[in-house]
Amino acid sequence: MLTVAGSVLASSGFWAWVSRRREMIRGLAHDRVVHVGKGYIRRGYLTLDEYEDFMEYLARPYQNIGGNGLAERVILEVQHLPIYPDYKKDIG
């Protein structure tokens with residue numbers, strides 16, 4: 001059993017699969033950061049909840065896996081947008 005596990009981990013095919021998967025995840029993260037971020041930029045503002053979610057679940061994880069380029073510029077623009085409280089949450 002250990003021999004089989006060791007052989008799988010040592011195979012170049014396994015590591016190529018891991019690499020392709022990582023690149024696909026980075027690509028999907030890039031797409032979401034750009035798509036969601038440009039929506040906020042077009043609108044011209046975002047709520048505090050939207051900002052926190054964007055940074056926590058999209059921007060920071062994308063940056064942590066080495067993302068850069070257009071998505072980084074979108075993140076920077078989103079960080080400079082006006083942020084308003086989430087009125088529905090505050091009222092309700």
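Every side chain to side chain contact (heavy atoms under 4.5 Å, CB included) that Y57 has, sequence neighbours left out, goes to D53.
Counting non-hydrogen atoms of other residues, nucleotides and ligands closer than 6.0 Å to CZ of R21 gives a total of 12 or fewer.
I83 belongs to a hydrophobic cluster with V33, V34, V36, Y40, I41, L46, L48, Y51, F54, M55, L58, Y62, L70, V74, I75, V78, L81, counting contacts under 4.5 Å between side-chain heavy atoms of Ile, Leu, Val, Met, Phe, Trp and Tyr, direct or through other members.
The two atoms that bring P82 and G44 nearest to each other are CD-O, 3.2 Å, heavy atoms only.
Side-chain contact between E50 and T47 is present, with at least one heavy-atom pair separated by less than 4.5 Å.
At a threshold of 4.0 Å, the pair E77-R73 does not count as salt-bridged, since none of the basic side-chain nitrogens sits closer than that to a carboxylate oxygen. Here R26 pairs with E23 in a salt bridge; the nearest charged N to carboxylate O distance falls below 4.0 Å.
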